[in-house]
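What follows is a single structure, written as structure tokens, with notes after it.
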Number of protein chains: 2
Amino acid sequence: MLNERSLSVAPDCGDCPIRHRAVCARCESDELERLEQIKYYRKFEAGQSIIWAGDRMDFVGSVVSGIATLSQAMEDGRTQMVGLLLPSDFVGRPGRNTAAYDVVATTDVVMCCFRRSPFEDLMTRTPHIAQRLLEMTLDELDAAREWMLVLGRKTAREKIASLLSIIARRDATLNKRGAAAGPIVFDLPLTREAMADYLGLTLETVSRQISALKKDGVIHLEGKRHVTVPDMSRLMDEAGDDADGGLLV
Amino acid sequence: MLNERSLSVAPDCGDCPIRHRAVCARCESDELERLEQIKYYRKFEAGQSIIWAGDRMDFVGSVVSGIATLSQAMEDGRTQMVGLLLPSDFVGRPGRNTAAYDVVATTDVVMCCFRRSPFEDLMTRTPHIAQRLLEMTLDELDAAREWMLVLGRKTAREKIASLLSIIARRDATLNKRGAAAGPIVFDLPLTREAMADYLGLTLETVSRQISALKKDGVIHLEGKRHVTVPDMSRLMDEAGDDADGGLLV
DNA sequence: GCCTTATGTTGATCTGCGTCAAAGCCCGGC
DNA sequence: GCCGGGCTTTGACGCAGATCAACATAAGGC
């Protein structure tokens with residue numbers, strides 16, 4: 001699985017990804033020490049809600065393993081996913097005490113958490129934590145904006161191709177494969193319904209477009225979830241992305 | 001106009017909004033001094049491009065007056081707006097030297113700028129600048145996510161109502177009007193085409209839906225741009241927002 | 001005044017995707 | 001083994017919004 005792997009890519013800082021990936025990019029020992037003292041782990045099962053929108057949010061943290069989704073719903077039930085959380089992604093917002101979105105574990109999830117107020121204290125005392133968080137937030141903002149183009153202007157087929165590209169790319173970087181020229185293989189971490197919520201489509205349309213891409217030889221499917229992309233550039237072409245595309249999360 | 005007004009709401013820090021709004025929320029004198037020494041102003045005319053996507057970006061800054069748009073285009077011309085920049089909004093990304101989006105002045109715009117590298121130096125020396133920037137970026141991220149729900153799940157009519165609510169609300173806060181119970185009046189700062197690019201629609205659909213909202217008495221129009229909202233809660237209802245809605249930029 | 005250009009409105013028609021419905025596949029429980 | 005429930009696929013049909021097109025309005029420039 002892609003999840004465990006990400007832990008081992010930079011083990012120099014120990015086993016908690018927030019130490020080297022999310023917060024402590026430079027790994028100075030003082031902050032590590034202090035972070036270490038206030039951190040704790042939480043586990044969630046696939047399908048379980050991690051946070052409900054509107055809930056009191058008394059912790060921040062990062063995903064250690066597994067996949068979670070961030071989403072927003074209207075009263076009548078229409079739902080839009082607004083974030084996809086993969087290992088090393090940060091959850092929660094310093095300075096806000098109620099959650100703005102629903103967070104749901106898609107697979108089993110382990111999170112590395114910090115109670116909010118000690119974390120905030122630490123942040124004010126440790127400048128580069130805020131800087132690192134700023135960097136990460138700017139990346140997320142770029143991803144959200146890329147996603148807005150997908151939602152607002154792409155056709156269903158392009159949306160599916162875009163999503164597949166994103167997953168393939170994130171999977172590749174998590175697994176530290178370079179931009180391999182050969183076929184790319186991965187498992188879809190989302191149900192058709194979750195993909196629909198991601199892309200602003202219905203699950204039927206998602207299913208139909210995946211079938212169409214398969215029929216046209218853009219992808220191959222084994223079972224419902226295992227995908228092979230024989231030619232990545234062809235897929236990116238279908239996505240309507242210019243050349244090597246954006247940096248969507 | 002809404003623009004000039006925003007300058008005078010917090011004059012205690014002088015005439016540059018970046019000092020009190022964008023960067024120096026707490027107005028400590030040292031940083032003010034240093035910021036003062038490296039800042040400069042730039043003016044742009046309505047319709048003029050401020051930045052082209054892919055350009056070298058050698059400054060960061062904030063909007064002093066006027067309105068600008070952030071947008072993204074596909075090769076075939078399809079365009080999606082991904083940000084609306086109003087006075088006090090920050091532009092540019094510390095740590096990145098090429099622009100990711102097109103920035104266009106919608107009205108005449110004045111920006112308060114800082115060359116990027118001195119600004120970055122200053123940021124590393126002045127912790128709370130990074131913290132303030134983080135706060136602003138998180139707000140933008142929330143806005144982008146709210147917007148994703150609009151793009152992905154709302155009908156054309158709801159999209160228009162959402163946009164009108166957002167503009168009404170921002171206009172109200174910029175002008176320091178409280179949540180007045182009476183009718184709300186404002187000018188649309190965007191053409192029909194720009195609204196379409198914002199909402200992922202065509203300009204014809206925008207025009208039709210505005211006409212429909214007018215026919216149904218949700219809004220009144222004088223000329224093409226001057227809008228009166230007799231009952232704000234009615235408009236928000238049309239937007240599909242729950243109660244007092246989100247905090248879209 | 002008239003001509004041009006940018007902007008907005010409205011109508012007629014087409015189509016991509018949503019909606020409703022039925023059925024297939026796979027896994028876990030009994 | 002059989003049954004039930006979650007997930008997925010596929011079909012038939014309708015509609016919201018795109019597309020194509022004509023025209024209206026307003027602002028400059030001369």
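Note: hydrogens, waters and symmetry copies are ignored here, and every other heavy atom, side chains too, is used. Order of the sequence lines fixes the chain letters, A, B, ..., with proteins taken first and strands second; residue numbering starts at 1 for each chain.
- B:T106 pairs by the side chain to side chain contact (heavy atoms under 4.5 Å, CB included) definition with B:I67, B:T69, B:L190, not counting sequence neighbours.
- Annotation: side chain of A:I51 is in contact with side chain of A:V91 (closest heavy-atom distance under 4.5 Å).
- Residue B:E193 contributes atom CD, which lies 14 Å from atom P of C:dT9 at whole-angstrom precision.
- Here the P atom of nucleotide C:dG16 and the NZ atom of A:K159 are 14 Å apart, to the nearest Å.
- Taking atom CZ of residue A:R192 and atom P of nucleotide C:dG18, one finds them 16 Å apart after rounding to whole Å.
- By the side-chain hydrogen bond (donor to acceptor under 3.5 Å, both in side chains) test, B:H220 is found to be paired with no residue, residues two or more places apart in sequence or in another chain being considered.
- For A:E158 and D:dA18, the CD to P distance is 15 Å, given to the nearest whole Å.
- Nucleic acid contact class of A:G47 (heavy atoms, under 4.0 Å, all strands): none.
- Residue-level contact check: A:T191 touches the backbone only, with heavy atoms under 4.0 Å from sugar-phosphate atoms and none from bases.
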| query | Between A:R78 and A:D197, does a salt bridge (Lys or Arg N to Asp or Glu O under 4.0 Å) hold up when you go through it step by step? | reply | CA-CA 9 Å; A:R78 281 178 282 176; A:D197 284 345; over 6 Å; no
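- Not a single salt bridge (Lys or Arg N to Asp or Glu O under 4.0 Å) links B:K224 to another residue, sequence neighbours left out.
- Between the CZ atom of B:R153 and the C1' atom of D:dA16 there is a distance of 15 Å, given to the nearest Å.
- Listed by residue number, the members of residues 216-229 of chain B with any heavy atom below 4.0 angstrom from DNA chain C are B:K224, B:R225.
- Among residues at least two apart or in separate chains, there is no side-chain hydrogen bond (donor to acceptor under 3.5 Å, both in side chains) pair with a member in residues 46-59 of chain B.
- B:R192 pairs by the salt bridge (Lys or Arg N to Asp or Glu O under 4.0 Å) definition with nothing, not counting sequence neighbours.
- Nearest-nucleotide assignment on DNA chain D puts the 5′-proximal partner with A:M195, out of A:M195 and B:T155.
- Listed by chain and number, the residues in a side-chain hydrogen bond (donor to acceptor under 3.5 Å, both in side chains) with B:D231 are B:S233 (sequence neighbours excluded).
- For D:dG17, the OP1/OP2 oxygens have no side-chain nitrogen or oxygen of B:T205 closer than 4.0 Å.
- A:L201 comes within contact range of the sugar-phosphate backbone alone, with a heavy-atom separation under 4.0 Å but no base atom that close.
- D:dC7 atom C1' lies 14 Å from atom CG of A:L190, rounded to whole Å.
- The interatomic distance linking A:I210 (CD1) with D:dT8 (C1') rounds to 10 Å, in whole Å.
- An OP1 or OP2 oxygen of D:dT10 is reached within less than 4.0 angstrom by a side-chain nitrogen or oxygen of A:S211.
- Bending across the helix from C:dG1-D:dC30 to C:dC30-D:dG1, expressed as the angle between its end axes from five pairs apiece, amounts to 30° (10° rounding).
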Report, one line per pair, each donor and acceptor closer than 3.5 Å where one atom sits in a side chain of residues 205-218 of chain B; sequence neighbours left out.
{"from": "B:T205", "atom 1": "OG1", "to": "B:T202", "atom 2": "OG1", "distance (Å)": "3.0"}
{"from": "B:S211", "atom 1": "OG", "to": "B:S207", "atom 2": "O", "distance (Å)": "3.0"}
{"from": "B:D216", "atom 1": "OD2", "to": "B:R157", "atom 2": "NH1", "distance (Å)": "3.1"}
{"from": "B:D216", "atom 1": "OD2", "to": "B:R157", "atom 2": "NH2", "distance (Å)": "2.9"}

For nucleotides 12-14 of chain C, list the nitrogen or oxygen atoms of the protein found under 3.5 Å from its nitrogen or oxygen atoms, one pair per line.
{"from": "C:dA12", "atom 1": "N6", "to": "B:R208", "atom 2": "NH2", "distance (Å)": "3.4"}

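- Within a 6.0 Å radius of CD in B:E204, other residues, nucleotides and ligands contribute more than 12 heavy atoms.
- Comparing A:K154 and A:E204, the nucleotide of DNA chain C nearest to each residue sits closer to the 5' end for A:K154.
- Look at NZ on B:K215: it is 15 Å from P on C:dT9, rounded to the nearest Å.
- Under the salt bridge (Lys or Arg N to Asp or Glu O under 4.0 Å) criterion, B:R42 pairs with no residue, sequence neighbours left out.
- For A:R225, there are no salt bridge (Lys or Arg N to Asp or Glu O under 4.0 Å) partners at least two apart in sequence or on another chain.
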